[in-house]
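Contents: one structure, followed by commentary.
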Amino acid sequence: MNKNQEIIYSPNYYARQRLYGNKPAMAGGFIILLCTVLALLGYLVMPDSTPNANDGAVQIQKQLPGFKTYLIKRKRNIDIEERNIIQKMFIGQESKYTILPVKEYHIKNFDVEVVPDGRIPVPETYPLIEIIQPGNGFNNFKNEKNYKYTGKYVVFYDDNGKLTMLSRRQLVNIFHENHLEARTYLLGTDKAGRDLLSRLIFGTRISLGIGLVSVLISLFLGITIGSLGGFFGGTIDKFVMWLMTVVWSIPGIMLVIAISLALQSKGIWVAFVAVGLTTWVEISRVVRGEILAIKEKTYIEAARALGIKNFNIILRHILPNLLGPIIVIATSNFASAILTEAGLSFLGLGVQPPMPSWGMMVNEGFHSIGTSNSWHLILFPGLAICILVLAFNLFGNGLRDAFDPKSVTN
């Protein structure tokens with residue numbers, strides 16, 4: 001190849017270079033990528049890995065960020081299935097214990113004396129054996145308990161009904177290793193005493209999930225309806241324009257509420273569908289307008305002359321030219337879907353308790369306004385919504401500038 005010959009790159013190459021050079025857009029893309037990783041890993045990176053991050057204690061409700069406490073973990077008297085890593089990632093792991101937050105504890109003989117956290121500091125005493133091995137139905141001691149003390153040992157029946165003996169030292173060691181935890185709540189706790197950081201991370205999965213599903217629905221409807229109206233014109237186009245005008249005239253949140261009421265249901269899947277059914281109009285308008293311009297091009301006339309079917313002309317010759325605008329609008333709709341879901345959950349029409357959602361968390365904080373230690377209940381979920389929506393807007397603006405060089409200013 002001649003050294004003086006200029007290398008010609010594809011338009012997509014120049015679009016990527018413009019996007020990479022847009023620092024705000026790349027910052028937004030990094031935040032989106034980080035949130036996506038958190039959403040995918042889910043329970044594996046959450047401090048509270050129980051389903052819906054619902055392992056809380058009312059004694060430590062509305063604690064401020066950085067709160068530290070001891071947790072006495074009492075074994076539950078039920079069988080808990082141990083899940084594999086994939087199951088843990090997506091549905092969590094049910095806890096084997098119930099928790100009791102305490103300010104301090106002291107081991108005395110075969111008992112532990114604790115000062116409960118979050119209440120009037122009245123000491124309470126619990127037998128160590130009842131924390132480690134609760135009643136399980138096996139009992140041959142002719143009393144209400146499934147254990148008894150014999151000198152320096154405690155004799156009890158384990159989960160399999162086997163008679164077991166432990167010394168005091170063994171009992172204390174098991175308690176410290178498996179039934180006592182020093183926990184720090186980095187972002188504090190909510191009004192039910194649950195870890196706020198874990199619920200925020202889970203809320204990332206909800207927000208990105210509803211954004212993805214609603215955007216896919218809106219893309220399918222918008223591209224299909226816009227293509228029909230723009231390509232065929234006439235009566236079909238008039239009907240499409242009428243439909244878009246009617247949907248466009250109704251406030252999005254009211255239309256979502258109407259769809260939820262029409263389906264006689266509320267919850268995460270209804271929110272997914274409802275938000276998707278309200279965000280297709282903008283895509284449809286852009287697709288229709290672009291097709292009106294493109295369908296008169298020479299290569300479209302050539303495709304018709306060759307006898308190519310209308311469906312194939314739209315799918316293979318027209319829509320690929322709309323990829324840039326569609327990606328930009330889809331990114332913008334992603335941010336709108338997150339805001340709409342937050343509004344629905346705030347109103348109680350979206351995600352239902354105990355599943356955490358940023359909008360629902362803001363609602364819980366809103367109802368706590370005026371009480372002590374409540375500022376963080378609104379601040380953190382509200383900040384999460386703002387940051388993620390801003391990230392999508394910045395990234396969407398970067399995509400718009402990258403695919404439309406005329407919008408770039410020197």
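Because the structure is a prediction, the values reported are computed rather than measured.
- Under the rule for a side chain to side chain contact (heavy atoms under 4.5 Å, CB included), the partners of I91 that lie at least two apart in sequence or sit in another chain are R83, Q87.
- Taking a cutoff of 4.0 Å between a charged side-chain nitrogen and a carboxylate oxygen, E301 and R304 qualify as a salt bridge.
- One finds no salt bridge joining K62 and E364 here, because no Lys/Arg side-chain nitrogen approaches an Asp/Glu carboxylate oxygen to under 4.0 Å.
- Taking the six-membered ring for Trp and thresholds of 30 and 60 degrees, F334 and F392 have nearly parallel ring planes, at less than 30 degrees apart.
- Residues that satisfy the side chain to side chain contact (heavy atoms under 4.5 Å, CB included) test with V286, not counting sequence neighbours, are E290, P325, I329.
- Between E181 and I99 the shortest side-chain heavy-atom distance does not fall below 4.5 Å.
- Ring geometry, Y105 versus Y70: the interplanar angle exceeds 60°, so the pair is classed perpendicular (tilted spans 30 to 60°).
- In this structure, the side chains of I225 and R288 stay at 4.5 Å or more apart for every pair of heavy atoms.
- Between R199 and N54, the closest side-chain pair of non-hydrogen atoms falls below 4.5 Å.
- Within the 3.5 Å criterion, the main-chain N or O of Q63 finds a donor-acceptor partner in the side chain of T189.
- Ion pair D48/R194 not flagged as a salt bridge, since none of the NZ, NE, NH1 or NH2 atoms sits closer than 4.0 Å to an Asp/Glu carboxylate oxygen.
- Side-chain N/O atoms of E130 and Y147 include a donor and acceptor closer than 3.5 Å.
- Side chain of S249 to backbone of V246: a donor-acceptor contact under 3.5 angstrom is found.
- Judged purely by distance below 3.5 Å, without hydrogens or angles, the side chains of T69 and D117 pair a donor atom with an acceptor atom.
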